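See below for the structure under consideration.
In this text the structure is predicted, and so the values were computed from the model without any measurement.
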Amino acid sequence: MIVLVAALLLLGVVLGAVAQLPFPLTLALAAAIGCWLLIFAVRERVGAHRRSH
């Protein structure tokens, strides 16, 4: 849960800095955050699946 909160805070910082950052850097940061959230979601789903068995 704390990882998700940290990701959302980081996303807020990145969105606040979009006006000053070059567009390619903004896309790279967005992709990194998206991958981080995807990995988090997969790990949570696998963990929940293992706990249910």
Side-chain angles (χ1 to χ4, degrees):
M1 186 68 178
I2 192 74
V3 174
L4 184 57
V5 171
L8 290 173
L9 285 173
L10 183 60
L11 181 61
V13 169
V14 170
L15 286 176
V18 164
Q20 286 85 25
L21 294 176
F23 189 66
L25 181 58
T26 301
L27 288 179
L29 289 172
I33 292 171
C35 288
W36 183 17
L37 289 173
L38 183 63
I39 290 168
F40 174 77
V42 168
R43 288 182 64 190
E44 286 293 312
R45 179 172 287 262
V46 168
H49 182 68
R50 286 186 181 159
R51 284 189 296 262
S52 67
H53 280 96

- Name all residues meeting the side chain to side chain contact (heavy atoms under 4.5 Å, CB included) criterion together with Pro22; count only those two or more places apart in sequence or in a different chain, and write none if there are none. Pro24, Leu25
- Can you find a pair of side-chain heavy atoms, one from Leu10 and one from Leu29, that are under 4.5 Å apart? no
- Query: Would you say Val3 and Ile39 are hydrophobically clustered, going by side-chain heavy atoms of ILVMFWY under 4.5 Å?
  - Reply: no
- Message: With rounding to the nearest 0.5 angstrom, report the CG to CH2 distance, Leu4 to Trp36.
- Response: 9.0 Å
- Shared hydrophobic cluster for Ile2 and Val42 (ILVMFWY, side-chain gaps under 4.5 Å): no
- Message: Are Leu9 and Met1 linked, directly or through intermediate hydrophobic residues, by side-chain heavy-atom contacts shorter than 4.5 Å (ILVMFWY only)?
- Response: no
- Query: How long is the gap from CZ on Phe23 to OG1 on Thr26, to the nearest 0.5 Å?
  - Reply: 7.0 Å
